[in-house]
There are 2 protein chains.
Amino acid sequence: MTDDEAARARALDAAEELFYARGVQAVGMDAVRNASGLSLKRLYQLFPSKEALVLQFLRRRDERWRQALARHVDTRTSPDERLLAVFDWLHAWFREPGFRGCAFINSFGELGGVSADVAEQARHHKQAFRDYLADLVAASGLPSDLADQFLLLAEGAITTAAITGTAVPAVHARTAALALLRAQARNHRADPAVGPR
Amino acid sequence: MTDDEAARARALDAAEELFYARGVQAVGMDAVRNASGLSLKRLYQLFPSKEALVLQFLRRRDERWRQALARHVDTRTSPDERLLAVFDWLHAWFREPGFRGCAFINSFGELGGVSADVAEQARHHKQAFRDYLADLVAASGLPSDLADQFLLLAEGAITTAAITGTAVPAVHARTAALALLRAQARNHRADPAVGPR
DNA sequence: AGCGAAGGAGAACGACCGTTCTCAACTGGG
DNA sequence: CCCAGTTGAGAACGGTCGTTCTCCTTCGCT
């Protein structure tokens with residue numbers, strides 16, 4: 001039934017907003033009820049438990065986050081520009097109102113020690129992000145070690161931006177990424193496709 | 001009274017182990033009571049509330065964490081080696097049993113949206129860490145931008161190590177830091193004091 | 001029109017949590 | 001030896017949370 005689909009979407013919209021803003025445990029099912037406009041009965045017939053709702057929230061957020069990133073990266077054509085576009089997208093994300101870091105890092109910190117499923121979701125998300133970076137790095141003809149280094153810059157920028165409440169870490173990450181890219185090009189590649197900024 | 005001091009230490013020891021391993025909200029005061037061997041009455045006469053206990057736990061962990069880092073860095077003499085020693089220390093930290101990332105990032109994710117004091121503690125800790133890196137970078141005669149970049153590498157390594165459960169992010173971070181350091185030296189400095197690895 | 005299934009609003013329930021209280025055991029000073 | 005004060009063990013209290021239940025309305029179908 002497509003009606004269930006719509007209700008599911010509304011429930012997940014409300015859950016995402018609340019869980020991300022306040023943390024999972026600080027949000028009761030009553031708050032999800034109020035924010036979604038769904039009754040508790042309907043909520044529990046769509047999701048068997050709060051934990052199931054949390055896991056679905058994480059799954060959907062993972063997909064949407066990576067799609068949004070890929071969409072932005074796909075506006076660039078040169079391999080090196082595509083790589084750097086990751087950090088531009090992070091910068092835009094950090095500036096969004098209500099930005100409070102990575103939902104997976106936050107959920108892992110809150111529940112990773114107590115829920116194996118949440119920890120698994122966080123691992124999956126970060127693994128997928130790393131794989132995506134590895135593809136971009138490979139398309140630039142760079143060694144895969146750079147993917148791990150870019151991953152660290154991105155992750156560090158996310159948490160630093162969240163805690164300090166500013167978007168500048170994205171700029172620092174981009175600068176560092178560019179320096180690493182150039183250093184690598186100087187050592188092992190013909191010509192960097194990206195000139196000095 | 002020195003008796004209170006000892007009891008405080010035991011309470012904080014228990015709280016730190018439990019909060020760090022399972023998250024703050026998943027640990028009740030009863031668990032702290034059992035783990036510390038203190039009675040609830042004593043606990044509440046030492047700390048007026050759970051929130052006070054949480055904040056003290058964070059304060060003490062901040063101090064100890066930075067002291068441990070500084071102690072390790074102080075085993076090195078050359079400025080560049082001291083800078084890289086940060087990542088060696090991270091590597092050792094990541095390998096400790098029960099490592100579960102940065103207590104401040106975790107607490108920020110769990111409570112930062114709901115407790116201004118916890119958010120403030122996280123900000124303070126990260127600011128102090130950045131200041132420390134800035135000192136090391138300045139001692140190496142490097143521009144302060146590098147401090148921000150090293151901070152991102154370190155933060156990224158911490159969360160990536162926590163979520164993936166391995167210590168290798170420290171190695172990647174160190175490699176990236178070394179590359180950034182050399183690139184900077186090539187541009188603006190006389191001679192890097194650190195040869196090829 | 002009448003009936004049965006479904007849904008909404010919210011009360012109810014059992015569990016748990018932070019905090020306080022009870023009460024008995026223990027302490028040290030007169 | 002006794003008593004006032006402190007402490008420990010854990011029961012008790014008020015509140016909240018996840019989940020279920022009740023009761024009433026609504027709605028589609030014949």
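Throughout, a chain's letter reflects where its sequence line sits, starting with A, and its residues are numbered from 1.
A nucleotide of DNA chain C counts as in contact with chain B when one of its atoms lies under 4.0 Å from a heavy atom; the first and last such, 5' to 3', are C:dG18 to C:dC23.
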Which side-chain N or O atoms in residues 8-15 of chain A pair as donor and acceptor under 3.5 Å with protein atoms at least two apart or in another chain?
residue : atom : partner : partner atom : Å
A:Arg8  : NH2  : A:Leu46 : O            : 3.0
A:Asp13 : OD1  : A:Arg60 : NH1          : 3.1
A:Asp13 : OD1  : A:Arg60 : NH2          : 2.8

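Applying the 6.0 Å contact sphere to CD of A:Glu17 captures no more than 12 heavy atoms from other residues, nucleotides or ligands. The environment of B:His124 atom NE2 is sparse: at most 12 non-hydrogen atoms of other residues, nucleotides or ligands sit within 6.0 angstrom.
Near DNA chain C, meaning a heavy atom under 4.0 Å from it, residues 23-31 of chain B has B:Val27, B:Gly28, B:Met29 in order of number. DNA chain C is contacted by no residue of residues 8-22 of chain A, taking any non-hydrogen atom closer than 4.0 Å.
The shortest non-hydrogen separation linking B:Ser144 to B:Val137 is CA-CG1, 4.3 Å. When all heavy atoms of A:Ser36 and A:Leu43 are compared, the pair lying nearest together is OG-CD1, 4.4 Å.
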- Per-nucleotide protein contact string for nucleotides 4-10 of chain D, where B marks a base within reach and S marks sugar-phosphate only (heavy atoms under 4.0 Å, - for neither): ---BB-B

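Atom C1' of nucleotide D:dC17 and atom NZ of A:Lys50 are separated by 8 Å, given to the nearest angstrom. Between A:Asn34 atom CG and D:dG18 atom P the separation is 13 Å, expressed in whole Å.
With sequence neighbours excluded, the residues that form a salt bridge (charged side-chain N to carboxylate O under 4.0 Å, His left out) with B:Asp30 are B:Arg33. Residues passing the side chain to side chain contact (heavy atoms under 4.5 Å, CB included) test with A:Ala177 are A:Leu84, A:Phe87, A:Phe150, A:Leu153, sequence neighbours excluded. Under the rule for a side chain to side chain contact (heavy atoms under 4.5 Å, CB included), the partners of A:Asp148 that lie at least two apart in sequence or sit in another chain are A:Arg130, B:His172. Qualifying salt bridge (charged side-chain N to carboxylate O under 4.0 Å, His left out) partners for A:Arg100, counting only residues two or more places apart in sequence or in other chains: none. Looking at residues two or more places apart in sequence or on another chain, you find a side chain to side chain contact (heavy atoms under 4.5 Å, CB included) between A:Asp117 and A:Glu51, A:Leu55, A:Ser115. Every residue two or more places apart in sequence or in another chain was checked for a salt bridge (charged side-chain N to carboxylate O under 4.0 Å, His left out) with B:Arg59, and none qualifies. With sequence neighbours left out, A:Val171 forms a side chain to side chain contact (heavy atoms under 4.5 Å, CB included) with A:His91, A:Thr175.
With B:Trp65 as the partner, the ring-ring contact (aromatic ring centres under 6.0 Å, His included) test is satisfied by one option alone out of B:Phe104, B:Tyr132, B:Trp89: B:Trp89.
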